Undergrad: 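Let me give you the structure first, and then I'll get to my questions.
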Amino acid sequence: MSQSDAAVSDSMNNWQASLWLLSDMCLNLTALGIIKLIGTDVPAAQLVFIRALTGLVLMLPWVWRERSRFIRIEHKGLQLTRVLLAMTALTASYFAVARLPLALFTAINFTRPLLLMVMAAWLLRESIPASRWVFALIGLVGVLIAVNPGTVQWSWGIPALFLTVLSSTLSTIATRRLRGTPAVVTMLLYTAGLSLLSLPLVVGNWQVIPGEQLIPILCIGVLAQCGQFCFLKAHWLGEASVLGPLGYANLLLAGLVGFVVFNEIPTIEMILGSLIIILATAALSLTGRR
């Protein structure tokens with residue numbers, strides 16, 4: 001293959017990857033929108049359990065086809081830790097998104113790379129240049145501006161959102177340590193683990209779901225599982241340098257959905273803080289690649 005043909009092939013792959021990633025964003029935003037519409041009618045732990053069980057059922061054909069990969073499972077303790085962290089992150093995020101503006105929820109989630117850098121330096125003993133610490137501090141300033149007590153009404157969704165960011169970041173670090181594990185193994189342990197660990201939280205506190213909410217709640221699991229597939233497909237095809245900046249479109253989509261569907265008008269402070277978070281995270285990504 002000539003260099004020009006290779007360039008055309010890479011361009012097509014990146015274009016397809018971008019479409020897959022945009023599909024992932026739309027699917028996940030739709031799932032979050034359903035959760036926000038349901039609000040506090042259904043406990044967050046129950047939503048996590050139904051979401052995990054739905055995803056598990058969808059995965060069964062794939063698991064059966066790849067069953068030979070489950071003969072030997074390594075790093076069982078780390079897999080369990082990752083599932084515990086993921087369950088905490090999902091439960092906290094479902095609790096938070098029902099109580100906070102969708103744009104704010106998405107903006108604070110962009111601080112994950114900043115926190116990941118701190119955790120990588122602490123837990124993985126990675127060497128972090130001074131310039132990256134500066135960008136992390138700038139991102140923190142953006143968070144303080146966006147979560148301004150004078151503009152955002154206090155609710156328990158705010159600490160739940162920060163718990164979401166912390167636990168999901170630690171889960172990402174655990175995932176880094178599991179490199180080389182087949183994707184079907186990691187995804188099955190994740191989905192089955194979520195089902196088992198969330199079950200005790202809902203057995204004695206199961207809330208009857210109204211008939212009109214049953215289909216939307218089942219759709220949360222379908223959308224989340226399809227979104228995960230789109231995310232993997234995007235990163236199989238595309239380059240990180242292309243997909244990284246595209247991720248910031250998620251904040252614009254969240255703001256649009258919040259405005260159109262939930263009549264959420266972002267404040268100047270929220271917009272300014274979100275822009276600072278995005279710029280700091282983008283600068284952090286660029287210095288990381290260099």
Side-chain angles (χ1 to χ4, degrees), residues 27-63 70 73 75-102 105 108-109 153-175 178 184-228 262:
L27 289 167
N28 279 305
L29 273 176
T30 304
L32 289 174
I34 293 173
I35 294 168
K36 193 168 180 62
L37 285 170
I38 293 171
T40 58
D41 293 343
V42 181
Q46 188 170 328
L47 290 175
V48 171
F49 174 74
I50 297 173
R51 176 244 190 261
L53 195 61
T54 306
L56 185 60
V57 171
L58 291 175
M59 280 192 65
L60 289 179
W62 184 27
V63 171
F70 294 89
I73 300 176
H75 310 296
K76 297 183 181 65
L78 190 57
Q79 292 278 11
L80 177 59
T81 301
R82 176 177 176 268
V83 173
L84 284 168
L85 291 168
M87 187 184 75
T88 303
L90 270 179
T91 305
S93 68
Y94 286 2
F95 181 90
V97 76
R99 294 163 173 81
L100 294 174
L102 195 56
F105 177 88
I108 301 303
N109 270 284
Q153 186 177 2
W154 164 260
S155 79
W156 284 107
I158 294 176
L161 178 52
F162 284 103
L163 178 60
T164 300
V165 174
L166 176 62
S167 52
S168 61
T169 303
L170 289 171
S171 177
T172 300
I173 290 179
T175 304
L178 291 169
V184 65
V185 174
T186 301
M187 288 181 64
L188 176 65
L189 293 177
Y190 170 82
T191 309
L194 281 179
S195 302
L196 291 174
L197 291 174
S198 58
L199 180 59
L201 300 177
V202 300
V203 165
N205 191 34
W206 185 266
Q207 184 169 311
V208 178
I209 299 173
E212 66 274 10
Q213 291 185 352
L214 183 59
I215 297 300
I217 288 176
L218 290 176
C219 285
I220 294 171
V222 176
L223 291 167
Q225 204 71 9
C226 292
Q228 190 173 32
F262 301 104

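Everything numeric here is computed off the predicted structure, so don't read it as measured data.
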Undergrad: Roughly how far, to the nearest 0.5 Å, is OH of Tyr190 from OG of Ser195?
TA: 10.5 Å
Undergrad: What's the spacing between Leu223 CG and Ile34 CD1 if we round to 0.5 Å?
TA: 5.0 Å
Undergrad: Please enumerate all residues that pass side chain to side chain contact (heavy atoms under 4.5 Å, CB included) together with Val83, with sequence neighbours excluded.
TA: Leu197
Undergrad: Which heavy atom in Arg51 sits nearest to a heavy atom in Ala224, and how many Å separate them?
TA: NH2-CB, 3.5 Å
Undergrad: Drop me the distance from Ser93's OG to Leu100's CG, to the nearest 0.5 angstrom.
TA: 11.5 Å
Undergrad: Taking the side chain from Gln46 and the backbone from Gln207, do they hold a donor-acceptor pair closer than 3.5 Å?
TA: yes
Undergrad: Determine the minimum heavy-atom distance between Leu201 and Ala45, stating which atoms define it.
TA: CB-CB, 4.0 Å
Undergrad: Can you tell me how far CG of Leu47 sits from CD1 of Ile209, rounded to the nearest 0.5 angstrom?
TA: 7.5 Å
Undergrad: Should we say atom CH2 of Trp156 is surrounded by more than 12 heavy atoms from elsewhere, each under 6.0 Å from it?
TA: no
Undergrad: Leu32 versus Phe105: any side-chain heavy-atom pair under 4.5 Å?
TA: yes
Undergrad: Measure the OG-CG distance between Ser171 and Leu166 for me, rounded to the nearest 0.5 Å.
TA: 11.0 Å
Undergrad: Less than 4.5 Å apart, side chain to side chain, heavy atoms only: is that true for Ile108 and Val165?
TA: yes
Undergrad: Output the distance between atom CG (Leu56) and atom CZ (Phe49), rounded to the nearest 0.5 Å.
TA: 9.5 Å
Undergrad: Could you pull out the closest heavy-atom pair between Leu102 and Lys36, with the gap in Å?
TA: N-CE, 4.3 Å
Undergrad: Is the shortest side-chain heavy-atom distance between Met59 and Leu188 below 4.5 Å?
TA: yes
Undergrad: Should Leu163 and Thr88 be marked as a side-chain contact (heavy atoms from CB on, under 4.5 Å) after you check the CA-CA gap, both sets of side-chain angles, and the distance that decides it?
TA: CA-CA 8 Å; Leu163 178 60; Thr88 303; 4.1 Å; yes
Undergrad: Would you name the heavy atoms of Pro159 and Ser155 that are closest together and state the gap between them?
TA: CD-O, 3.5 Å
Undergrad: Closest approach of Ala160 and Ala92, non-hydrogen atoms and distance?
TA: O-CB, 3.4 Å
Undergrad: Just wondering, do Thr91 and Phe95 contact through their side chains at under 4.5 Å, heavy atoms?
TA: no
